[in-house]
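Scroll down for the structure; my scribbles are underneath it.
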Amino acid sequence: MTDAPFRFPSDEELMAGPNALEEPDEVAADDALPALARAEIVVPDFPEDFRAGFACLVGRPNAGKSTLTNALVGSKVAITSGRPQTTRHNVRGVVHREDAQLVLVDTPGLHRPKTLLGKRLNDLVRETLTDVDVVAFCIPANEKIGPGDRFIARDLEQVRAPIVAVVTKADTVSRQALAAQLLAVNELGDWADIVPVSAVSGEQVDVVADVLMGHLPPSPPLYPTGEVTDEPQAVMIGELVREAALESVRDELPHSLAVVVDEILDPRTDRTGSRVKGAGERLQVRVSLVVERDSQKAIMIGKGGSRLKEIGVRARAGIEELIGRKVYLDLHVRTSKDWQSDPKALAKLGF
Ligand SMILES: Nc1nc2c(ncn2[C@@H]2O[C@H](COP(=O)(O)OP(=O)(O)OP(=O)(O)O)[C@@H](O)[C@H]2O)c(=O)[nH]1
């Protein structure tokens, strides 16, 4: 395997092959790039008793935090996958109500650190916990409370904010089993409330929002209405590529995948790049998938590049949906040995 960049096929190439993609409808140029950055806030009239503040979802890996965040916000902001520890960034979503605004901070999940990356993630979680107004501790209904949950429950004793225990994935168990889990959770700590929810069926999602909002302080709105996330665009794009990659290599690759967005260039405003590819002034996005070993690189690329092509097609669709315009996506797989334990490599990858 050489280190040469693997180029994702151009649109023309994709459109020509036997598995040609359908050309999506053109989107109006002015619809491009919704306000993802924290915009200047023009606060319209709001009720005197308006509440607003920050909530943080914690819980062990796979507890359903990202899925619940998405269900609460009603739009895809955090990535989800069947594998633990897929959320490496604090992804915020904002839940808007007439009388309240809840800013959600989704964390990577507290866990016992094994690697330097694990330790940094835990530090990040602790930092986040010190400045939120309410914490939602997610515990799945369909798994026995274990040492991981107890570890987090003990950590949460240090947190000043009220803690709401949220029993997730309620749809996966019987009413009886759910009642038993609620009792077990009650024994686990001193919670401000305990709420069962199913983010998949939507049952009780509103109740979770109401309960969390009930713990927010009186405050004017923190965000303009309608804005669902303030994650920088590059982070969102990186997450979409990582999600697409993980979906594709789910069983073959361990958690040794990092994604780096190398370049986002808009040919409409920036003509410096000579490498503008694809028709119709597509946003030029160049992303590296970083793995630890050459064998993993081969898996990622797949036979004749088939795997990478599949990842690219999926990621590109997500990115185009996110930003509302056409994208030329260049994916590149590279190896960075043992990046999870190397401080320099971690810093380079943004951890
Ligand atoms: N049936 C059911 N499955 C759920 C529900 N919520 C989450 N899941 C599934 O549980 C798995 C983990 O969900 P995530 O939301 O990614 O969990 P997480 O806590 O964010 O995981 P990390 O990013 O690893 O910390 C996914 O396969 C979800 O589809 C739910 O309410 N019902």
Side-chain angles (χ1 to χ4, degrees), residues 55-93 104-115 117-118 120-126 128-129 135-146 148-149 151-153 155-156 164-175 177-178 181-182 185 195-209 229 231 235-236 238-240 242-251 253-259 318 340 351:
C56 178
L57 277 70
V58 301
R60 64 182 147 88
N62 241 8
K65 302 176 292 294
S66 302
T67 313
L68 182 57
T69 300
N70 290 339
L72 284 164
V73 176
S75 155
K76 191 167 183 175
V77 290
I79 63 163
T80 60
S81 86
R83 300 199 77 109
Q85 287 178 43
T86 51
T87 316
R88 287 202 179 122
H89 297 281
N90 282 353
V91 179
R92 295 189 188 93
L104 291 171
V105 188
D106 193 15
T107 71
L110 280 168
H111 54 98
R112 293 171 193 204
K114 287 198 192 86
T115 60
L117 174 65
R120 294 225 178 137
L121 290 180
N122 273 6
D123 291 347
L124 187 72
V125 175
R126 291 212 178 83
T128 309
L129 288 180
V135 175
F137 177 20
C138 298
I139 303 151
N142 58 350
E143 282 168 53
K144 262 197 142 60
I145 288 169
D149 301 303
F151 173 82
I152 297 170
D155 251 33
L156 290 177
V164 175
V166 178
V167 176
T168 57
K169 312 190 191 183
D171 59 289
T172 59
V173 297
S174 67
R175 294 256 146 201
L178 181 60
Q181 186 74 331
L182 291 170
V185 167
V195 192
V197 68
S198 166
V200 165
S201 78
E203 208 175 338
Q204 295 256 110
V205 171
D206 279 359
V207 179
V208 172
T229 173
E231 272 296 288
V235 174
M236 303 281 291
E239 294 289 73
L240 284 167
R242 199 147 64 88
E243 181 177 44
L246 282 179
E247 246 169 67
S248 204
V249 295
R250 192 175 295 279
D251 302 317
L253 214 83
H255 300 297
S256 37
L257 170 71
V259 170
Q340 295 213 41
F351 289 103

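First listed ligand is number 1; within each ligand, the first listed atom is number 1. For this chain, numbers begin at 1 and follow the sequence in order.
At a 4.0 Å heavy-atom cut-off, ligand 1 touches Thr172 through the side chain alone.
Close N/O approach between Val197 and ligand 1 is not found [any backbone or side-chain N/O within under 3.5 Å]. Not a single N or O atom of Ala170, backbone or side chain, sits closer than 3.5 Å to an N or O atom of ligand 1. The shortest N or O to N or O distance between Val200 and ligand 1 is under 3.5 Å. Considering backbone and side-chain atoms together, Pro61 places no N or O closer than 3.5 Å to any N or O of ligand 1.
Interface of Ser198 with ligand 1, defined as ligand atoms under 4.0 Å from a residue heavy atom, comprises 31 (O). Taking every heavy atom of Asp171 and a limit of under 4.0 angstrom, the matching atoms of ligand 1 come to 1 (N), 2 (C), 30 (C), 31 (O), 32 (N).
In terms of heavy-atom proximity, Val259 sits nearest to Gly238 at CG1-O, 3.6 Å. The minimum heavy-atom distance between Pro196 and Gln204, with the atom names listed, is O-NE2, 2.9 Å. The nearest pair of heavy atoms linking Val205 to Leu72 is O-CD2, 3.6 Å.
Across the listed options Thr67, Thr69, Val173, Thr67 owns the non-hydrogen atom lying nearest to atom 6 (N) of ligand 1.
We find that Glu203 and Lys169 are not joined by a salt bridge, their nearest charged nitrogen and carboxylate oxygen being 4.0 Å or further apart.
Heavy-atom separations between Gly59 and ligand 1 are all 4.0 Å or longer. Heavy-atom separations between Asn62 and ligand 1 include at least one value shorter than 4.0 Å.
Checking each of Asp171, Val167, Asn142, Thr172 against Leu178 for a side-chain contact (heavy atoms from CB on, under 4.5 Å) leaves exactly one that passes, namely Val167.
Without hydrogens or angle criteria, Gln181 side chain to Pro140 main chain gives a donor-acceptor distance under 3.5 Å.
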